[in-house]
Each structure stands twice: as structure tokens, then as C-alpha cells.
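Below is one structure, written out as C-alpha cells; comments come after it.
Residue numbering restarts at 1 for every chain, and letters A, B, ... go by the order of the sequence lines. FYI, side chains are in, hydrogens and waters are out, and symmetry mates aren't considered; it's all heavy atoms of this structure.
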Amino acid sequence: MKLRPLPRSFFSRDPRRVAHELLGKLLIRNRGKRVLAGRIVEAEAYLGESDPAAHAASGMTERNRVLFGPPGHAYVYFIYGQYFCLNVSCQPEGEAGCVLFRALEPIAGLKEMVRARGLRASDGEASRKKLTTGPSRLCQAMGITRARDNGKDLTSPRSGLWIADDGFRRRRITRTPRVGIKKAERLRYVIEGNVFVSGR
DNA sequence: TTATAGATTGCCT
DNA sequence: GGCAATCTATAAT
């Protein structure tokens with residue numbers, strides 16, 4: 001399997017375009033000799049300061065500064081007192097915008113993911129499906145935290161967290177409203193029929 | 001199968 | 001002080 005990192009130019013575009021084209025790509029975590037990988041099956045676009053639901057809505061703060069930096073970098077935020085969510089910055093430097101990773105299909109490092117999620121190998125299919133289905137679940141499975149990963153360059157394998165094209169060609173893509181957002185724009189992108197897409 | 005409550009921190013008004 | 005781009009367990013149907 002040949003893995004090619006996505007170039008920075010891929011992310012220097014409108015988040016809607018990036019979210020759509022990210023489906024089917026791989027999110028890869030290298031931890032020492034171990035490799036964790038999942039295929040992106042669900043993502044949401046968040047626009048810049050014009051998007052009231054985006055963290056960038058009211059300008060740059062200490063928390064969201066990555067969103068205004070160069071494209072292709074990890075924006076990890078802490079939510080509900082106990083969870084993390086992973087985004088990748090989009091648009092040229094100076095302009096905000098990002099894509100939220102909402103669900104992966106586990107590809108490599110399943111045993112590690114099971115352990116990181118606090119499950120047991122014997123837990124069965126129902127819980128196996130919940131391994132990386134949901135923005136905070138996938139962060140748990142891949143060991144993504146704000147302290148460790150916020151600001152990392154996702155276009156470089158050397159950062160230990162990166163995005164690759166392995167030649168996979170996704171099938172049909174559906175658009176729906178974003179999860180937990182009142183304004184009902186269809187900025188959520190999912191691979192149609194994929195079992196690992198999150199609920200709602 | 002769906003509905004609801006509770007967890008628990010830090011960001012922003 | 002209010003509440004969030006969530007998840008889990010438990011209860012009700």
C-alpha cells in the first residue's frame with residue numbers, strides 16, 4: 001500500500017471542498033513503531049468568521065489561533081469537561097476555517113484502539129462499531145489530546161499525526177446538517193452507507 | 001429502540 | 001455565570 005501525504009495546497013481551500021474530498025483518506029498516527037490508521041468517513045465544514053457556529057466566529061483568541069494560521073494544521077479543542085475533538089485548519093494563512101473529523105473506519109492498530117477506548121477485545125461487535133464513530137471517540141482511540149497534538153502539521157509524516165491518500169476511491173457522498181448546530185446548513189459530509197458513520 | 005440525565009472543565013460575555 | 005462541534009449509563013417503550 002502506497003501512502004502519499006496530502007499537500008498543504010489541499011487544505012488551502014474552502015472547508016466545504018476540503019471536507020468533501022477528505023472522505024476516503026486516511027488519518028494516521030505513528031507512535032514509536034506502532035501505526036494506527038482510520039479511513040475518514042464523516043466530516044463537517046466550519047467556515048471562517050462569517051459562520052456563527054464556528055469557533056472562529058468572534059475573531060482570534062488564544063484557544064483558536066491555529067484556525068487563523070497556515071492550512072493543514074491540527075486544531076484540537078477540549079469540550080464538555082472531558083473530551084477532545086480534532087479539526088484541520090483550512091484556507092490560506094490569515095483566514096479561518098476548518099474541517100471537523102467526526103468518524104473513521106478503523107484500518108490499522110485495532111488492538112491499540114480497543115485498549116485506548118477502555119474496551120475489551122471480547123466486547124463484541126456493538127462496541128467495536130463505536131471504536132472511532134464520533135469526534136471524541138476517534139480522538140480517544142488514536143490518543144489525540146490538545147496538549148500533545150494541537151498545532152501539529154498534518155501534512156508531514158514526521159509530526160506523527162498526518163493525513164494520507166492510499167488510492168482508495170470513495171463511493172457516493174451525502175450531505176446533511178451539522179450535528180449539534182442549530183443553523184441547519186448542510187455542511188456535514190458522509191460516505192453513504194458506511195457502517196462507521198455516527199448517529200443522528 | 002429511543003429518551004433522558006449527569007459528568008466536569010475552561011472559554012467567553 | 002452560562003454553557004458547549006460529546007459520550008455513557010440507565011430507564012422507559
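Here the C1' atom of nucleotide C:dT6 and the CZ atom of A:Arg178 are 17 Å apart, to the nearest Å. Between A:His55 atom NE2 and C:dA4 atom C1' there is a gap of 7 Å when expressed in whole angstrom units. Between the CZ atom of A:Arg137 and the P atom of C:dA9 there is a distance of 10 Å, given to the nearest Å. At whole-Å resolution of the value, CG in A:Asn64 and P in C:dA5 are 13 Å apart. Atom pair A:Ile79:CD1 and B:dA7:C1' shows a separation of 13 Å (rounding to whole Å applied). Atom-to-atom, CD1 of A:Ile181 to P of C:dA4 comes out at 10 Å; the value is rounded to the nearest Å. When rounded to the nearest whole Å, the span between CZ of A:Arg188 and P of C:dA5 equals 16 Å. Atom C1' of nucleotide C:dT6 and atom CG of A:Asn87 are separated by 14 Å, given to the nearest angstrom.
Dashed line: the shortest gap from a side-chain N or O of A:Thr61 to OP1 or OP2 of B:dC12 is under 4.0 Å.
In this model, no side-chain donor or acceptor of A:Glu44 finds a partner on the base of C:dA5 within 3.5 Å.
The A:Arg117 side chain lies nearest to C:dT8 when the options are C:dT8, B:dA7, C:dT6. With B:dG10, C:dT6, B:dA7 as the candidates, the nucleotide lying closest to the side chain of A:Phe78 is B:dG10. Closest to the side chain of A:Leu100, from the set B:dC11, C:dA5, B:dT8, is C:dA5. Checking B:dA7, C:dA5, B:dC11 against every side-chain atom of A:Gln82, the shortest atom distance belongs to B:dA7.
Between the side chain of A:Asp153 and the backbone N or O of A:His73 there is no donor-acceptor pair closer than 3.5 Å. With A:Ser89 contributing its side chain and A:Gly72 its backbone, the two residues share a donor-acceptor pair below 3.5 Å.
Judged purely by distance below 3.5 Å, without hydrogens or angles, the side chains of A:Arg188 and A:Thr176 pair a donor atom with an acceptor atom.
Where stacking is scored as ring centres under 5.5 Å apart with planes under 30°, A:Tyr46 registers as stacked on the base of C:dA5. Where stacking is scored as ring centres under 5.5 Å apart with planes under 30°, A:Tyr83 does not register as stacked on the base of C:dT6.
Using the Watson-Crick or G-U wobble rule with both distances under 3.5 Å, B:dC11 pairs with C:dG2. C:dA12 and B:dT1 make up a base pair, with Watson-Crick or G-U wobble contacts both under 3.5 Å.
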What pairs of donor and acceptor atoms, side-chain ones from residues 43-54 of chain A against any protein atom, are under 3.5 angstrom apart with sequence neighbours left out?
unit_1: A:Glu44; atom_1: OE1; unit_2: A:Tyr46; atom_2: OH; d: 2.8
unit_1: A:Glu44; atom_1: OE2; unit_2: A:Val179; atom_2: N; d: 2.7
unit_1: A:Asp51; atom_1: OD1; unit_2: A:Ala53; atom_2: N; d: 3.1
unit_1: A:Asp51; atom_1: OD1; unit_2: A:Arg178; atom_2: NH2; d: 3.3
unit_1: A:Asp51; atom_1: OD2; unit_2: A:Leu47; atom_2: N; d: 3.0
unit_1: A:Asp51; atom_1: OD2; unit_2: A:Arg178; atom_2: NH1; d: 2.8

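Along DNA chain B, the nucleotide nearest A:Tyr80 and the nucleotide nearest A:Arg146 are compared for position; the residue whose nucleotide lies closer to the 5' end is A:Tyr80.
The aromatic rings of A:Phe84 and A:Phe78 sit tilted, their planes meeting at an angle between 30° and 60°.
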